[in-house]
There are 2 protein chains.
Amino acid sequence: MNEHLVIIGGVAAGMSAAAKARRSRPDLEITVYEKSGYISYGACGFPYFIKDDISDIDELIARTPAQAAKQNITAHVDHEVLAIDPRQKTLQGVNLQTGREFINRWDKLVVATGASVSRPPLPGINLSGIFSLRTVEDALAIKNWITAEKPRRGVVVGAGYIGLEMAEALCAHGIDVTIVDMAGQVMSTLDPDMAELVQAELEAQHVHVCLQQKVLSFIGPEQVTEIVRRVTQAVERQAIGQTKPQVDRWRVHEVVTDQGVLPADIVIFGVGSRPAVTVAATAGIATGQTGAIAVDDQQRTNIPDVWAAGAVAETFHLILKKPSYIPLATTANKQGRVAGANAAGGADSFGGVVGTAVVKAFDLSIASTGLSEGYARAAGFDTASVTIDASSRAHYMPSSQPMRVKLVFERDSQLLLGAQIIGQDGVDQRINVIAAALHAGWTTRQLSEIDLGYAPPFAPVWDPVLVAANVANH
Amino acid sequence: MNEHLVIIGGVAAGMSAAAKARRSRPDLEITVYEKSGYISYGACGFPYFIKDDISDIDELIARTPAQAAKQNITAHVDHEVLAIDPRQKTLQGVNLQTGREFINRWDKLVVATGASVSRPPLPGINLSGIFSLRTVEDALAIKNWITAEKPRRGVVVGAGYIGLEMAEALCAHGIDVTIVDMAGQVMSTLDPDMAELVQAELEAQHVHVCLQQKVLSFIGPEQVTEIVRRVTQAVERQAIGQTKPQVDRWRVHEVVTDQGVLPADIVIFGVGSRPAVTVAATAGIATGQTGAIAVDDQQRTNIPDVWAAGAVAETFHLILKKPSYIPLATTANKQGRVAGANAAGGADSFGGVVGTAVVKAFDLSIASTGLSEGYARAAGFDTASVTIDASSRAHYMPSSQPMRVKLVFERDSQLLLGAQIIGQDGVDQRINVIAAALHAGWTTRQLSEIDLGYAPPFAPVWDPVLVAANVANH
């Protein structure tokens, strides 16, 4: 009997692990269990599918189980793993289509269960028209709802990456969008002075931005009066949960926050996701301080022959020099590959991240890497920063656009700690130059010495990155 | 009497030196002598002025002498310096407007005389309609010629950066363009396999590309028969130069090459430029092996109190680990700044270059950094390379474009030596990420570990740079 690698989770990390293991070891038996109905999908593309930039969801699905089978990878969709036994090297789960339970043995195990969206147990949360965005099913449901129900007013809960992308997607359908966030600014990964630019763009695009506002409940159209009465009673009784079953059958009509009522025919939860660790943790696989599975640089967990990768796992942060939880698709792919290589007998390693991220929100590109000024200060760094405005290309080129660059660095050593760049043009790859500088452990002086390409259609002769570094040097 | 800094040359390096010296030392007397009629101009923008992307030449002129005067910098245009006396610390020159000679003293001297276009002494070279592109006067003359003479057929001599940009500019005016180059490929800074993509783009844009073809002479319209007879006679007599005075008065009509005759109503010399070292060299300022002025990392020449910067000077090449001659505007600005700081009493240094360059040719962006495979091999490196095709953004995004990335590295150590990237989208800043990797002295493995930003509108989840590095790692 061949050695058996089982992978729990068949999206970015899981399928990267499977593919890499297969390339390394043609003899290995490989089985993937995926809870949703699809494997190998590009969840980051969902907002663009919903927006109608992409018409066919199949474009976002890199591989079907049939295609995986051609690589001799057995991928079971709609299969949820419920328990792992690390001593017996078995697992058990349920086929969600048939309801039948299954048990299997494994020699090597990769946990790639990803993250689950936190959908708070608020009154009315199960009304129709309220969505999260994690799976292909979610994306299809949102697009169907938009097509069939033609919502006119939308509320997006959470002003982070997914919230901004979904606000853009909904606006593209002519929906009047409100973003609600508990924080005092949009994009809490940015410093407030940079986040202001994002908020201004949202408002310029006629998105209503409601900050420091907490969603309390959701109510349906015909029951408004009745529900308000019940909610009020429930709040008085301090037992909000009891009203929930009453409203499940109806469409969402309004979102109640601590500051008022927002009309909504569609609600999207774009809030942060949490590592789906329950099954692993129950089996004794250790989680770290972030709550995600603790792994070493080979993606090993505390249990022999068990690796973890992707949004269920921690990631070593090269600036903080400690494990962090930054669930992104790039990291999931890289970690999955390393886990797959090692589960197949290799000794690959994953160096860690500096926390680079980029998002498009309407006409704005918003990029960051390393630590924000606020985060760096909170982490104990003696932090300084410079912020400059520059043009994306030679100022005289008609295609040139304004751009703001903020560099965060250690005051005395001038060691780079992070950067944020916001603009309409040339933002995304410029942050990558600074990401490289962070990997290299450079000072602002070293960054200012880099030999960047120049031609008027691409950059000013002093690139914005160099201008910022030069100002920091003073 | 205040200390007197004289700067010869008032374009990128010279005016950067002047501005930096002024900021460092408010008391310094600063005089700039510029041979052309303009200072502080962005020569890299000329093709876009000629193309009509920019309507007003003033947009390309950062500062006039009057504006320099407000910073207490005396800038004399149309003043050519003819001789430097380093012992007496004087110089002499001529006011080109009045013909009057001048003499001045200096305490500190910055030589920033730039480069001059090599315009070969071919028969007919002085026919009207034949241009180089170095000064504001050249750019205005070309634009005027296009406007007034409405040329229908153009020949661009040289298929390098300026040649490609000028081909695009002429095509934008409906001119039927032929590029002629002696080399066997366009863009000799690229490897042949990458240059092919550029040639294909030129041909797709209906530019005729004539390679391995040498320009022999230029002839005017009414004298075609007569001139051909004389040239033939001259060639037979091996004394081509003698025919030159005969054709000076007429417009160019044809370009004669060693392979035929190309009709042309306008000819642009886009060929390489040479360091304008004559005056400096005559004064004993040493040049290096490249023919440009030898400088240390503080831009000092061999003569005390004399600095050199910009296209007249060498540049330390961080991959070759020796002086090189790569005259680019970015380097000129950086070197000028260092020369100015140091001439004003500072101790700034310029670290050197890795040879990053980027050019737009029609819809194509063409970028390179470090050494090409051919150059690396010729320089004695045990060279390996990988070339990959990828998409500039997530493959399912409608805006995604194909892109080719070539990485050049040392075979055993896998130390990065250079890269070339060609595509329509997202090329320019990706080369800068690799430029950073070259500065950091990374291997392909280290490059593959970098945490790059990802979102579908900006990149695939495996960025083309990472894909190339991963392939190189195998």
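Here is how names work: the chains are called A, B, and so on, in the same order as the sequence lines, proteins then strands, and each is numbered from 1.
- Considering all non-hydrogen atoms of both residues, B/Leu452 and A/Thr330 come closest at O-CG2, 4.1 Å.
- Within the 4.5 angstrom heavy-atom criterion, atoms from both the backbone and the side chain of B/Ala329 approach chain A.
- When all heavy atoms are compared, the tightest approach of A/Cys44 to B/Tyr396 is C-OH, 4.1 Å.
- Shortest non-hydrogen contact noted between A/Val358 and B/Ala455 is O-CB, 3.3 Å.
- Interface residues of residues 419-435 of chain B toward chain A, defined by a heavy-atom distance below 4.5 Å and sorted by number: B/Asp428, B/Gln429, B/Arg430, B/Asn432, B/Val433, B/Ala435.
- If you measure heavy-atom distances from B/Ala394 to chain A, you find no contacts under 4.5 Å at all.
- Taking every heavy atom of both residues into account, A/Lys334 and B/Ser448 meet most closely at CE-O, 4.5 Å.
- Put simply, of A/Val465, A/Val354, A/Asp463, A/Leu447, the one with the most heavy-atom pairs under 4.5 Å next to chain B is A/Val354.
- For chain A, the option among B/Leu328, B/Thr331, B/Asp56, B/Asn333 with the highest count of heavy-atom pairs below 4.5 Å is B/Asn333.
- Counting heavy-atom pairs closer than 4.5 Å to chain A, the top residue among B/Pro47, B/Pro457, B/Ser399 is B/Pro457.
- Using a 4.5 Å cut-off between heavy atoms, A/Ser365 contacts chain B through both its backbone and its side chain.
- For the set B/Leu318, B/Leu466, B/Val353, the count of heavy-atom pairs under 4.5 angstrom toward chain A peaks at B/Val353.
- Heavy atoms closer than 4.5 Å to chain B are found nowhere in A/Leu438, neither backbone nor side chain.
- Looking only at heavy-atom pairs under 4.5 Å with chain A, the residue among B/Gly351, B/Ala357, B/Gly45 that has the most is B/Gly45.
- Residue B/Glu449 comes nearest to A/His439 through the heavy atom pair O-CE1, 3.5 Å, listed as atom of the first residue, atom of the second, then distance.
- Contacts of A/Val359 with chain B are made by backbone atoms alone, with heavy-atom separations under 4.5 Å and no side-chain atom involved.
- Interface remark: A/Ala437 contributes no atoms to any contact with chain B (heavy atom separation under 4.5 Å).
- The side-chain heavy atoms of A/Pro398 and B/Tyr48, taken from C-beta on, include no pair separated by under 4.5 Å.
- Proximity to chain A (any heavy atom under 4.5 Å) is shown, for B/Ser16, by neither the backbone nor the side chain.
- Ranked by heavy-atom pairs under 4.5 Å with chain A, the list B/Gly453, B/Pro460, B/Gly441 is led by B/Gly453.
- At a 4.5 Å heavy-atom cutoff, the contact between A/Ser349 and chain B is made by backbone and side-chain atoms alike.
- Neither the backbone nor the side chain of A/Arg393 comes within contact range of chain B; no heavy atom of the residue lies under 4.5 Å from a heavy atom of that chain.
- Taking each heavy atom of A/Ile54 and B/Met397 in turn, the nearest pair found is CD1-SD, 4.3 Å.
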